[in-house]
Chemist: 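One structure, pasted below without further comment.
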Amino acid sequence: MDKKRKAAAIAKILNRCFPDPEIPLKHSDPFTLLIATLLSAQATDAAVNKVTPRLFQRAPTPFKMAELEEAEVRELIRTIGLFNTKAKAIVKLSRMLVDGWGGEVPSTFEELESLPGVGHKTASVVMCQAFHKPAFPVDTHIHRLAKRWGLSRGKDVKETEVDLKAVFPKSKWAKLHLQMIYFGRTFCKARNHLAEECPICTFLKSDSN
DNA sequence: AACTCGGGGCA
DNA sequence: TGCCCAGAGTT
């Protein structure tokens with residue numbers, strides 16, 4: 001079967017496993033989602049959810065966040081990995097939003113990626129989850145799954161993103177990003193790959209291709 | 001391309 | 001304990 005048919009079958013299985021995938025603060029405003037996504041780098045949902053209530057109570061908007069001392073932000077997110085780097089980025093980013101964008105989060109890749117602490121992956125999450133624009137955030141989980149499923153031979157996430165965009169319809173990118181991450185965390189783990197219990201591995205094996 | 005930040009998860 | 005991670009920036 002060709003890759004698009006394989007991809008469609010995989011998407012169906014993912015929908016069954018994770019019908020309504022969530023990320024921290026997915027349904028919030030763009031600023032909150034941006035900060036939560038930035039905090040999520042190399043960290044777990046639980047760790048992020050632990051610090052965001054106090055952080056956003058103290059500074060719910062770029063204007064409020066821009067007024068905080070870096071030391072206070074660092075203290076508010078102290079329990080998260082990379083807290084020093086992230087605190088610096090959050091304060092500077094907020095001040096940039098106030099000075100250059102009237103306190104609004106921009107909705108283009110170029111503008112988002114010009115902000116400190118915001119790379120292509122974080123920008124992609126904001127683009128598709130906050131602004132509902134076409135983007136497929138590809139991280140190391142998704143990179144690994146795409147290769148295991150034979151949907152990409154990309155040697156980095158950049159190449160994998162191109163390959164995945166070619167086989168999945170644009171309307172599904174945002175949801176697939178979340179579903180694939182949860183799937184990678186549950187079944188196709190980086191280490192200790194649970195191939196016997198993995199519904200997609202089972203499907204691909206049973207299929208003659 | 002390699003290194004660094006950093007607490008947490010997992011073997 | 002040691003290695004890796006829902007990345008990004010610097011050298």
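In what follows, chains carry the letters A, B, and so on, assigned in the order in which the sequence lines appear, proteins first and then strands, with residues in each chain numbered from 1.
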Chemist: Report all side-chain donor-acceptor pairs from residues 110-120 of chain A shorter than 3.5 Å, counting only partners two or more places apart or in another chain.
Modeler:
residue, atom, partner, partner atom, Å
A/E111, OE1, A/T108, OG1, 2.7
A/E111, OE2, A/W101, NE1, 2.7
A/E113, OE2, A/H120, ND1, 2.8
A/S114, OG, A/E111, O, 2.6
A/H120, NE2, A/E161, OE1, 3.0
A/H120, NE2, A/E161, OE2, 3.4

Chemist: In whole angstrom, what separates A/L82's CG from B/dC5's C1'?
Modeler: 5 Å
Chemist: In whole angstroms, how far is the C1' atom of C/dA8 from the CG atom of A/D156?
Modeler: 15 Å
Chemist: Of the nucleotides B/dG7, B/dC5, C/dA6, which has the atom closest to the A/F83 side chain?
Modeler: B/dG7
Chemist: So if I take every side-chain heavy atom of A/T44 and compare against B/dG6, C/dA6, B/dG9, which nucleotide ends up nearest?
Modeler: B/dG9
Chemist: Which of the following nucleotides, C/dA6, C/dG7, B/dG7, is nearest to the side chain of A/R185?
Modeler: C/dA6
Chemist: Suppose you measure atom P in B/dG6 against the same atom in C/dT11; what distance do you get, rounded to whole Å?
Modeler: 16 Å
Chemist: Of A/G117 and A/H141, whose nearest nucleotide on DNA chain C comes first from the 5' end?
Modeler: A/H141
Chemist: Reckon A/V118 touches a base, only the sugar-phosphate, or nothing at all at heavy-atom distances under 4.0 Å?
Modeler: sugar-phosphate
Chemist: Please state whether the phosphate of B/dG6, meaning OP1 or OP2, lies under 4.0 angstrom from any side-chain nitrogen or oxygen of A/T85.
Modeler: yes
Chemist: Round to a whole Å and report the spacing from NZ of A/K175 to C1' of C/dA6.
Modeler: 19 Å
Chemist: Could you check A/A41 against A/A46 and say which one's nearest nucleotide on DNA chain B is further toward the 5' end?
Modeler: A/A41
Chemist: What heavy-atom pair brings A/A135 and A/W173 nearest, and what distance separates the two atoms?
Modeler: O-CB, 3.4 Å
Chemist: In whole angstrom, give me the gap between the C1' atoms of C/dG9 and B/dG8.
Modeler: 22 Å
Chemist: Strictly below 4.0 Å: does A/T122 bring a side-chain N or O up to OP1 or OP2 of C/dA8?
Modeler: yes
Chemist: Do you see a donor-acceptor pair shorter than 3.5 Å between the side chains of A/T160 and A/D163?
Modeler: no
Chemist: In whole Å, I'd like the distance from the CD1 atom of A/I80 to the P atom of B/dG9.
Modeler: 12 Å
Chemist: Which part of the nucleic acid, if any, lies within contact of A/P137, taking any heavy atom under 4.0 Å across all strands shown: a base, the sugar-phosphate backbone alone, or nothing?
Modeler: nothing
Chemist: May I have the distance from A/L93 (atom CG) to C/dG7 (atom P), rounded to whole angstrom?
Modeler: 18 Å
Chemist: How far, in whole Å, is C/dC4 from B/dT4 if one measures between their C1' atoms?
Modeler: 15 Å
Chemist: Between B/dC5, C/dA6, C/dA8, which nucleotide has the shortest distance from any of its atoms to the side chain of A/P24?
Modeler: C/dA6
Chemist: Does C/dC4 have OP1 or OP2 sitting under 4.0 Å from an N or O in the side chain of A/T140?
Modeler: no
Chemist: Taking NZ, NE, NH1 and NH2 as the nitrogens, is one of them in A/E75 or A/R78 under 4.0 Å from a carboxylate oxygen of the other?
Modeler: yes
Chemist: Using the P atom as the reference point in each nucleotide, state the distance between C/dC5 and B/dA2 in Å, no decimals.
Modeler: 16 Å
Chemist: Taking only the side-chain nitrogens and oxygens of A/Q42, find out if one of them lies under 4.0 Å from OP1 or OP2 of C/dA6.
Modeler: no
Chemist: For residues A/Q179 and A/P21, report the shortest heavy-atom separation together with the two atoms involved.
Modeler: CG-CG, 3.6 Å
Chemist: Between the side chain of A/R58 and the main-chain N/O of A/L68, is any donor-acceptor distance below 3.5 Å?
Modeler: no
Chemist: Calculate the interatomic distance between A/K158 atom NZ and C/dA8 atom P; express it in whole Å.
Modeler: 10 Å
Chemist: Just the rounded figure in Å: distance from C1' of B/dG8 to CG of A/L39.
Modeler: 15 Å
Chemist: With nearest nucleotide decided by heavy atoms, which residue, A/L115 or A/S40, maps closer to the 5′ end of DNA chain C?
Modeler: A/S40
Chemist: Rounded to whole angstrom units, what separation is found between the CD1 atom of A/I23 and the P atom of C/dG7?
Modeler: 13 Å
